Amino acid sequence: MANVELIKVEERPDGQLLFNVRVTATAGKMELPIAIKDQGSVASNETTVLQSALSFAKELEGSVRLRLGVE
């Protein structure tokens, strides 16, 4: 199973937060920057980042499957 880490990189003046989502899996490592609007708490911010990462991963899976010709 992959290990997922969230690293808060910066707070931007416009109320956005930048996180790096670091994923370490058997196949390798990946780091994905995700910017979100501050949700008001650490837990809410982390939940929003994880939801964004999951949505991205689902879209990526679909695109890769299409590219490979796999259903």
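Quantities reported herein were computed from a predicted structural model and do not represent experimental measurements. Numbering starts at 1 and runs along the sequence shown.
For residues 31-45, the salt bridge (Lys or Arg N to Asp or Glu O under 4.0 Å) pairs, not counting sequence neighbours, are R22-E31.
To the nearest 0.5 Å, atom CG of residue L32 and atom OG of residue S52 are 9.0 Å apart. Note that CG of L60 is 6.0 Å distant from CE of M30, once rounded to the nearest 0.5 Å. Note that CD of E10 is 10.0 Å distant from CG of N20, once rounded to the nearest 0.5 Å. Residue E5 holds its CD atom at 9.0 Å from NZ of K29, rounded to the nearest 0.5 Å. Taking CZ of F19 as the start and CG of N45 as the end, the distance is 5.0 Å to the nearest 0.5 Å. To the nearest 0.5 Å, atoms CD1 (I36) and CG (L17) are separated by 5.0 Å.
Clustering ILVMFWY residues whenever any of their side-chain heavy atoms sit less than 4.5 angstrom apart, transitively, puts L54 in a cluster other than the one holding I7. Hydrophobic clustering keeps L66 apart from L68 (ILVMFWY residues linked when any side-chain heavy atoms are closer than 4.5 Å, directly or through intermediates).
Two residues are said to be in side-chain contact when any heavy atoms from C-beta on lie closer than 4.5 Å; V4 and L50 meet this criterion.
Annotation: side chain to side chain donor-acceptor pair (under 3.5 Å) contacts of E59 (sequence neighbours excluded): none.
Nearest heavy-atom pair across A2 and V23 is CB-CG1, 3.9 Å.
Alongside L18, the hydrophobic cluster contains V9 (criterion: ILVMFWY side chains under 4.5 Å).
Using modelled atom types and a 3.5 Å distance limit, the side chains of T47 and S44 yield no donor-acceptor pair.
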